Amino acid sequence: MVAAMNGRCFVVTGASSGIGRSVALHLESLGHRVFAGVRKRDDAESLRAAGSGSVTPVIVDVTCNHCRARLPLEQRFVKRFVRQRLEEQ
């Protein structure tokens, strides 16, 4: 569910509700940057509103062919963000 990178940036799947949402918000409350996989735009907006600005919802439904096709684009964005953070340290 969670992949940690350098202890400061996390990718959380299943963040639309339940444990995934709680984990994403908890990590953000600890000061971490979080990329959170959600299923729908409404889920993304709700998660963004509940957070304090360091959680980035990423709409991805693994049961949807169109959404799975976007995964490589989202992964490149996360990798670029992590690289920039590592260079800053």
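We number each residue from 1, following the sequence as shown. None of the values given here were measured: they were computed from a predicted structure.
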Applying the side-chain contact (heavy atoms from CB on, under 4.5 Å) criterion to Phe10, which one of His32, Arg33, Glu28 satisfies it? His32

Could you tell me which non-hydrogen atom of Ala36 sits nearest to which non-hydrogen atom of Val55, and how far apart they are? CB-CG2, 4.0 Å

Could you pull out the closest heavy-atom pair between Val12 and Gly20, with the gap in Å? CG1-O, 3.5 Å

Side chain to side chain, Glu45 and Asp42, heavy atoms closer than 4.5 Å: yes

Show the nearest heavy-atom pair for residues Asp43 and Ser16, with the distance to one decimal. OD2-OG, 3.0 Å

Is any side-chain heavy atom of Leu47 closer than 4.5 Å to one of Leu25? yes

Approximate separation, where rounding is to 0.5 Å, of Arg39 CZ and Ile59 CD1: 12.0 Å

